[in-house]
Amino acid sequence: MSIANLRKDYQLASLSETDVAADPIQQFAHWFEQALKADAAEANAMSLATVNAEGRPSSRIVLIKEFNQNGFSWFTNYDSAKGHDLAANPQAALLFFWSALERQVRIEGRIEKVSEQDNDSYFNSRPLGSRRSACASQQSQPIANRDLLEQRLAQVTSEHGDHPPRPEHWGGYRLVPDRIEFWQGRSSRLHDRIVYTRDSDGDWSISRLQP
């Protein structure tokens, strides 16, 4: 079978303006809970798209760690490629795709850093191996081979034991949304798309988009 002939007809569910919550964060919480109950693979994984100072886009998968009325948060190395992109252009887009439910959620908005207190709290809650790796890795920077990376990890373990400190360059970002789209796959590619947009007063409006 050729790649051009690979397709799936989506038939699991529908989405109507009358079905969704008035608040998009509540709607996201509802869908996220359903994704967890459906045992969707990596339900907390999202694609993060950024644009650098030269206008070049890039994307990667990161894991959401919190969402609430303030926005959607994740943690990373501020000196990474994505960190440099966000320093130059503090706007980004997130994408969740839950294949098991034939659903997508697209989220766009401005970026801000979370507090140092939140950074410390989350870092100290991570598994020990993850904390050590955060100290050992200069994320997105080239390295000659895997052995050097393993040596750095061994050095961090030797120096700090079970209590590696949070690096100053490691912390969280929060996307404060101004647009959130809920996409439900439908038969014959006539998908349902309900989008929330935030106005200057902070209120949300709801509309349907054509597929």
Are the side chains of [Y] and [X] in contact, using a 4.5 Å heavy-atom criterion?
{"X": "W98", "Y": "V105", "result": "yes"}
{"X": "R193", "Y": "Q210", "result": "no"}
{"X": "I25", "Y": "Q27", "result": "no"}
{"X": "E66", "Y": "Y122", "result": "no"}
{"X": "F32", "Y": "N44", "result": "yes"}

Any donor and acceptor pair, going by atom type alone, linking the side chain of [X] with main-chain N or O of [Y] inside 3.5 Å?
{"X": "R174", "Y": "V114", "answer": "no"}
{"X": "S133", "Y": "G129", "answer": "yes"}
{"X": "E17", "Y": "I194", "answer": "no"}

Under a 3.5 Å cutoff, is there a donor and acceptor pairing between the side chains of [X] and [Y]?
{"X": "E116", "Y": "N119", "answer": "yes"}
{"X": "R110", "Y": "Q91", "answer": "no"}
{"X": "H30", "Y": "Q34", "answer": "yes"}
{"X": "S137", "Y": "N77", "answer": "no"}
{"X": "S58", "Y": "R56", "answer": "no"}
{"X": "Q141", "Y": "D79", "answer": "no"}

List the steps, then state whether side chain to side chain contact (heavy atoms under 4.5 Å, CB included) holds for W31 with L15.
CA-CA 11 Å; W31 270 24; L15 184 65; 3.9 Å; yes
Straight-line distance of [X] [atom1] to [Y] [atom2], nearest 0.5 Å:
{"X": "S73", "Y": "E112", "atom1": "OG", "atom2": "CD", "value": "8.0 Å"}
{"X": "E150", "Y": "D147", "atom1": "CD", "atom2": "CG", "value": "7.5 Å"}
{"X": "D85", "Y": "L48", "atom1": "CG", "atom2": "CG", "value": "9.0 Å"}
{"X": "I206", "Y": "I180", "atom1": "CD1", "atom2": "CD1", "value": "11.0 Å"}
{"X": "D23", "Y": "W204", "atom1": "CG", "atom2": "CH2", "value": "8.0 Å"}
{"X": "F72", "Y": "I64", "atom1": "CZ", "atom2": "CD1", "value": "6.0 Å"}

One thing to verify: whether D192 and R208 come together as a salt bridge, which I'm taking to mean a side-chain N less than 4.0 angstrom from a carboxylate O.
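A salt bridge links R208 with D192.
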Taking the inter-plane angle between the rings of H191 and Y10 on a 0 to 90° scale, is it parallel (under 30°), tilted (30 to 60°) or perpendicular (over 60°)?
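Because their plane-to-plane angle lies in the 30° to 60° range, the rings of H191 and Y10 count as tilted.
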Centroid-centroid under 6.0 Å between F182 and F28 rings
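Ring-ring flag for F182/F28: false, centres at least 6.0 Å apart.
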Test of understanding: clusters of I, L, V, M, F, W, Y form through side-chain heavy atoms closer than 4.5 Å, transitively. Do V156 and L148 belong to the same one?
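No: no chain of side-chain contacts under 4.5 Å links V156 to L148.
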Transitive ILVMFWY side-chain link M46 to W183, under 4.5 Å
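M46 does not cluster with W183.
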Identify whether NZ of Lys or CZ of Arg in K65 sits under 6.0 Å from the centre of the six-membered ring of F75 and within 45° of that ring's axis.
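Checked: cation-pi criterion not met.
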